[in-house]
Amino acid sequence: IQIVMQSKKLDLTPYLKKVSDLKDKQTNELIKMQATDYIDFVGNLINVANIMKKNFYVVIPYLPASLSKGTVFEKIFKKPAAGPLRVTEDELKRHREELVQRANTVALGLGGMGIQCVQLNTEEIIELFYKIYNPEISGKERIEDAEQLTSSFIADVHEKTGLGTDDRKPVEEAVID
């Protein structure tokens, strides 16, 4: 496994805005003054202290035995076959089940130490990679709906496989590149 740690400066601007909005709705002057003091205190604390948010990710690799055929020397010196790797829908399901089983084993081991594990969904993985590769602008925007994302790669796969079009292939015949 691989453990990835991501650190970034904590941004409490939305939280402070929410507290400020709640302060403005208050009718009691004493509560308004205390809220103002609290907002100032947290704002100064953020400026003085370098408060970081840390996320830890456990990356579980998976290489099916069917894809890693051959000896060590063949893997090192043999030229890889040209063309895309083709996996049937059934093989993909089987590989996914094996990977989920590995992930559950790791999660149980970490859970035994009191560490809570959550598997990222597709949207969270997309957002994680976006933040990694676009650190300067990722804090300013958020992905709303992952289903609406498109790229030339996705369109190319849809054209080659027929998936994602109105005349979809049956699941048994679908091939994932």
Side-chain angles (χ1 to χ4, degrees), residues 1-19 21-22 38-39 41-72 75-76 80 84-151 153-154 157-158 161 163-164 168 171-172 174-177:
I1 65 171
Q2 179 182 19
I3 299 175
V4 177
M5 182 182 74
Q6 183 184 54
S7 298
K8 68 177 189 175
K9 189 170 181 176
L10 186 62
D11 180 23
L12 292 178
T13 307
Y15 170 72
L16 292 177
K17 181 170 177 7
K18 186 176 181 180
V19 172
D21 292 343
L22 290 172
Y38 175 74
I39 292 168
F41 170 75
V42 172
N44 289 333
L45 181 64
I46 292 170
N47 290 334
V48 171
N50 191 15
I51 301 173
M52 302 294 283
K53 179 180 180 184
K54 296 189 183 292
N55 291 317
F56 296 87
Y57 301 95
V58 177
V59 180
I60 302 170
Y62 180 73
L63 181 62
S66 62
L67 297 179
S68 61
K69 293 179 182 174
T71 65
V72 173
K75 290 177 189 175
I76 294 172
L85 176 65
R86 300 180 78 72
V87 179
T88 65
E89 190 71 28
D90 290 336
E91 289 174 322
L92 183 65
K93 285 180 184 177
R94 190 179 76 248
H95 296 321
R96 184 182 189 288
E97 289 171 3
E98 290 176 20
L99 184 58
V100 167
Q101 184 179 16
R102 283 186 186 187
N104 288 338
T105 303
V106 171
L108 283 172
L110 292 173
M113 294 186 292
I115 300 172
Q116 181 185 6
C117 298
V118 177
Q119 182 178 344
L120 298 181
N121 62 30
T122 303
E123 189 170 324
E124 291 167 332
I125 292 171
I126 291 170
E127 192 169 328
L128 173 64
F129 280 115
Y130 185 77
K131 286 178 181 177
I132 290 170
Y133 290 108
N134 302 290
E136 56 281 337
I137 60 172
S138 64
K140 299 174 187 165
E141 43 187 46
R142 184 164 174 81
I143 299 172
E144 296 297 327
D145 185 12
E147 296 297 323
Q148 306 236 342
L149 297 175
T150 59
S151 74
F153 175 76
I154 294 171
V157 169
H158 286 233
T161 63
L163 297 173
R168 289 187 176 177
V171 174
E172 304 84 46
V175 176
I176 309 298
D177 287 338

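Classification of R94 and D90 as a salt-bridged pair fails, no side-chain N sitting under 4.0 Å from a carboxylate O. Ion pairing between a basic and an acidic side chain is recognised when a charged N comes within 4.0 Å of a carboxylate O; E89 and K93 show no such pairing.
The two atoms that bring T88 and E91 nearest to each other are N-OE1, 3.0 Å, heavy atoms only. Contact detail for I60 and R102: the closest heavy-atom pair is CG2-CB, 4.0 Å.
For the atom pair CG of D21 and CG of L16, the computed distance is 11.0 Å after rounding to the nearest 0.5 Å. N55 contributes atom CG, which lies 7.5 Å from atom NZ of K8 (distance to the nearest 0.5 angstrom). Summarising the geometry, atom CD1 belonging to I1 is positioned 11.5 Å from atom OG1 belonging to T105; distances are rounded to the nearest 0.5 Å. Rounded to the nearest 0.5 angstrom, L12 CG and K53 NZ are separated by 10.0 Å. Here CD1 of I39 is found 13.0 Å from NZ of K18. Values are rounded to the nearest 0.5 Å. Atoms CD1 and OG1, from I46 and T13 in turn, are 6.5 Å apart once rounded to the nearest 0.5 Å.
Legend: residues meeting side-chain contact (heavy atoms from CB on, under 4.5 Å) with L110, ordered by chain and number and at least two apart, are V58, V106, M113, I115, C117.
Atom CD of Q119 sits in a sparse spot, with 12 or fewer heavy atoms from other residues, nucleotides or ligands closer than 6.0 Å. The environment of CZ in R96 is sparse: at most 12 heavy-atom neighbours from other residues, nucleotides or ligands sit within 6.0 Å. Heavy atoms of other residues, nucleotides or ligands lying less than 6.0 angstrom from CZ of F56 number more than 12.
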E124 vs V118, side chain to side chain contact (heavy atoms under 4.5 Å, CB included): CA-CA, chis, key distance, verdict: CA-CA 11 Å; E124 291 167 332; V118 177; 5.5 Å; no
Pair L120-E127, side chain to side chain contact (heavy atoms under 4.5 Å, CB included): steps then yes or no: CA-CA 10 Å; L120 298 181; E127 192 169 328; over 6 Å; no
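No donor-acceptor pair under 3.5 Å is formed between the side chain of E98 and the backbone N or O of H95.
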